[in-house]
Amino acid sequence: MPKTFKYRLYPNQEQKKQLEKTLETCRILYNDFLAERKETYEKEQKKIACFEQINSLPNKKEINPFLKEVHSQVLQDIARRVNKSFQNFFRRLKTQASKAGYPRFKQFGRYDSFTYPQSGFNLKHSQLILSRLGQIHIKKHLQLEGKIKTCSIIIKNGKFYVCFSCENIKVKWSKKTKKKVGIDMGLTSFLATSNGELKEAPKTYRKAEKQLAKAQRKVSRRKKGSQRRKKAVKILAVKHEKVANQRKDLAHKLSRELVRDNDLIAHEKLQVRNMVKNKYI
């Protein structure tokens, strides 16, 4: 079964600049590929294939010298990423035409990752070796399993991460407990089990609500485009990220506990979105 391993990266100042420059180059190329497809279809009613855009990369490198500083596999993956966004768009057209959003151009700050799909990377102990970027220190808190297929670099809120997508991972089965449990998601409590246990919700958002509101007011007061606004936006994003990480931590710990202690887990299939609707509003 496939599995993704995520680690924190600690690049030095020069490597940070190179990573951010690579990401910006990838963002611009993504928008160029998207614009090509859009203009070609509007003028000639013709679709551009993924391999055509990949084959056009040598010509683009002559026009844009920054593309030469990025590994070729990373550039090819951007063309596949644009192609996948159009495939998803056409799929949505068939299933839910009213909600099928056309692929969007990526604004600055809205493109946060690039991928080495086959080569251009290597891992040695606590060092990640990237082509044209050198060695970057990695905090390897988990042992990798299986065969590494892709390596993705993610930049989020000033932090750097690497994700390894691995295949051929052996499944480790838990010991039989001969126990069954039913779970029900609640409103007052986070989770209730058929054994009578109540898992209380930590209410991380409610606890951080005042700080989030204060940070949001600072963003609203700052002038658009100013450095002070960018700094305030980054602080707000970090606070939201912390709340999201607390929620993920709770979900992972509870799910692991339930799977470890029970052979069968049953839950009621509910349309939560319909439950919270009020026809009188």
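Given the structure is predicted, the values throughout are model-derived calculations rather than measurements. When a residue number appears, it is its place in the shown sequence, counting from 1.
Counting non-hydrogen atoms of neighbouring residues, nucleotides and ligands closer than 6.0 angstrom, the CZ atom of R228 reaches no more than 12 such neighbours. Around the OH atom of Y10, the shell of radius 6.0 Å holds more than 12 heavy atoms that belong to other residues, nucleotides or ligands. Enclosure of atom NZ in K242 is not indicated, since only 12 or fewer non-hydrogen atoms of other residues, nucleotides or ligands lie within 6.0 angstrom. Around the CD atom of Q107, the shell of radius 6.0 Å holds no more than 12 heavy atoms that belong to other residues, nucleotides or ligands. More than 12 heavy atoms of other residues, nucleotides or ligands sit less than 6.0 Å from atom NZ of K140. Remark: H267 NE2 is loosely packed, at most 12 non-hydrogen atoms of other residues, nucleotides or ligands lying under 6.0 Å away.
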| Which is it for F190 and L250 under the side chain to side chain contact (heavy atoms under 4.5 Å, CB included) test, yes or no, and what are the steps along the way? | CA-CA 10 Å; F190 181 77; L250 173 68; 4.3 Å; yes
| task | Begin from the C-alpha positions of I136 and V162 and carry the test side chain to side chain contact (heavy atoms under 4.5 Å, CB included) through to its verdict. | result | CA-CA 10 Å; I136 304 175; V162 59; over 6 Å; no
| request: Kindly indicate, with the supporting measurements, whether the criterion side chain to side chain contact (heavy atoms under 4.5 Å, CB included) is fulfilled by I48 and Q53. | output: CA-CA 7 Å; I48 299 180; Q53 292 190 314; 3.6 Å; yes
| Derivation of the side chain to side chain contact (heavy atoms under 4.5 Å, CB included) call for E69 and K21 | CA-CA 10 Å; E69 300 178 13; K21 186 178 179 181; 3.2 Å; yes
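The side-chain heavy atoms of R256 and H252, taken from C-beta on, include no pair separated by under 4.5 Å. Proximity of V243 to R247: side-chain heavy atoms (C-beta onward) are separated by under 4.5 Å at one or more points. By the 4.5 Å heavy-atom criterion applied to side chains, I78 and F114 are not counted as neighbours. Looking at L57 and S72, their side chains never come closer than 4.5 Å, going by heavy atoms from C-beta outward. Residues Y161 and S113 fail the side-chain proximity criterion, which asks for heavy atoms closer than 4.5 Å. A heavy-atom distance below 4.5 Å is found between the side chains of C50 and R80. For the pair L191 and M185, the minimum side-chain heavy-atom distance is below 4.5 Å. Residues L130 and I153 meet the side-chain proximity criterion, which asks for heavy atoms closer than 4.5 Å.
Residues K239 and A215 come closest through the heavy atom pair CD-CB, 4.0 Å. The two residues T22 and L133 make their nearest non-hydrogen contact at OG1-CD2, 4.1 Å. Smallest separation of non-hydrogen atoms from K124 and I129: CD-CD1, 4.0 Å. Residue H141 comes nearest to K6 through the heavy atom pair CE1-O, 3.3 Å, listed as atom of the first residue, atom of the second, then distance. Annotation for K106 and N31: closest pair N-OD1, 2.8 Å, computed over non-hydrogen atoms. Here the closest non-hydrogen pair linking E241 and N157 is OE1-ND2, 2.8 Å.
With Q15 contributing its side chain and Q135 its backbone, the two residues share a donor-acceptor pair below 3.5 Å. Checking side-chain atoms of N83 against main-chain N and O of A79 turns up no donor-acceptor pair under 3.5 Å. With hydrogens and angles ignored, the 3.5 Å screen pairs no side-chain donor or acceptor of H125 with any backbone N or O of Q127. Checked by atom type and distance alone, the side chain of T150 never pairs as donor or acceptor with a backbone atom of P117 at under 3.5 Å. A donor-acceptor pair under 3.5 Å links the side-chain atoms of N55 to the main chain of F51, judged by distance alone. Checked by atom type and distance alone, the side chain of S226 never pairs as donor or acceptor with a backbone atom of R222 at under 3.5 Å. The closest donor-acceptor contact from the side chain of T177 to the backbone of D261 lies under 3.5 Å. Proximity of a side-chain donor or acceptor of E52 to a complementary backbone N or O of A49 within less than 3.5 Å is detected. The backbone N or O of K178 sits less than 3.5 Å from a side-chain atom of D263, completing a donor-acceptor pair. Of the possible donor and acceptor atoms, one in the side chain of N12 sits under 3.5 Å from a partner among the backbone N and O of E14.
No chain of hydrophobic side-chain contacts below 4.5 Å, direct or via other Ile, Leu, Val, Met, Phe, Trp or Tyr residues, connects I155 to L236. Both L142 and I169 belong to a single network of hydrophobic side chains, linked directly or stepwise wherever heavy atoms of I, L, V, M, F, W or Y lie under 4.5 Å apart. In the hydrophobic cluster analysis, where Ile, Leu, Val, Met, Phe, Trp and Tyr join through side-chain heavy atoms closer than 4.5 angstrom, L123 is grouped apart from I154. Placement of Y7 and L128 within a single hydrophobic cluster is found when ILVMFWY residues are connected by side-chain heavy-atom separations under 4.5 Å, directly or transitively. Two different hydrophobic clusters hold L254 and Y205 under the rule that ILVMFWY side chains link at heavy-atom gaps under 4.5 Å.
Between N59 atom CG and E62 atom CD the span is 7.5 Å, to the nearest 0.5 Å. The distance from the CG atom of D32 to the CG atom of L67 is 8.0 Å, given to the nearest 0.5 Å. With rounding to the nearest 0.5 Å, the separation of CG in L75 from CD1 in I54 is 10.5 Å. How far NZ of K147 is from SG of C166: 11.0 Å, rounded to the nearest 0.5 Å. Atom NZ of K230 sits about 14.5 Å away from atom CD1 of I235, to the nearest 0.5 Å. Interatomic distance, CD1 of I183 versus OG of S194, reported as 9.5 Å (0.5 Å rounding).
Taking the ring axis of F90 as reference, the NZ or CZ atom of K47 stays within 45° of it and closer than 6.0 Å to the ring centre. Judged by the 6.0 Å distance and 45° axis criteria, R37 is positioned over the aromatic ring of F86.
In this structure, a donor-acceptor pair under 3.5 Å is present between the side chains of Y111 and R81.
Residue Y116 forms a side chain to side chain contact (heavy atoms under 4.5 Å, CB included) with just one option from D77, V74, I148, and that option is V74.
F89 has its ring centre less than 6.0 Å from the ring centre of Y102.
Using the six-membered ring where Trp is involved, F121 and F164 have ring planes that are tilted, between 30° and 60° apart.
Contact check on E20 versus K17 returns no salt bridge, with no Lys/Arg side-chain nitrogen under 4.0 Å from an Asp/Glu carboxylate oxygen. A salt bridge links E42 and K38; the closest N-O separation between the charged side-chain nitrogens and carboxylate oxygens is under 4.0 Å. Between K199 and E197, at least one side-chain N (NZ, or NE/NH1/NH2) sits under 4.0 Å from a carboxylate O, which counts as a salt bridge.
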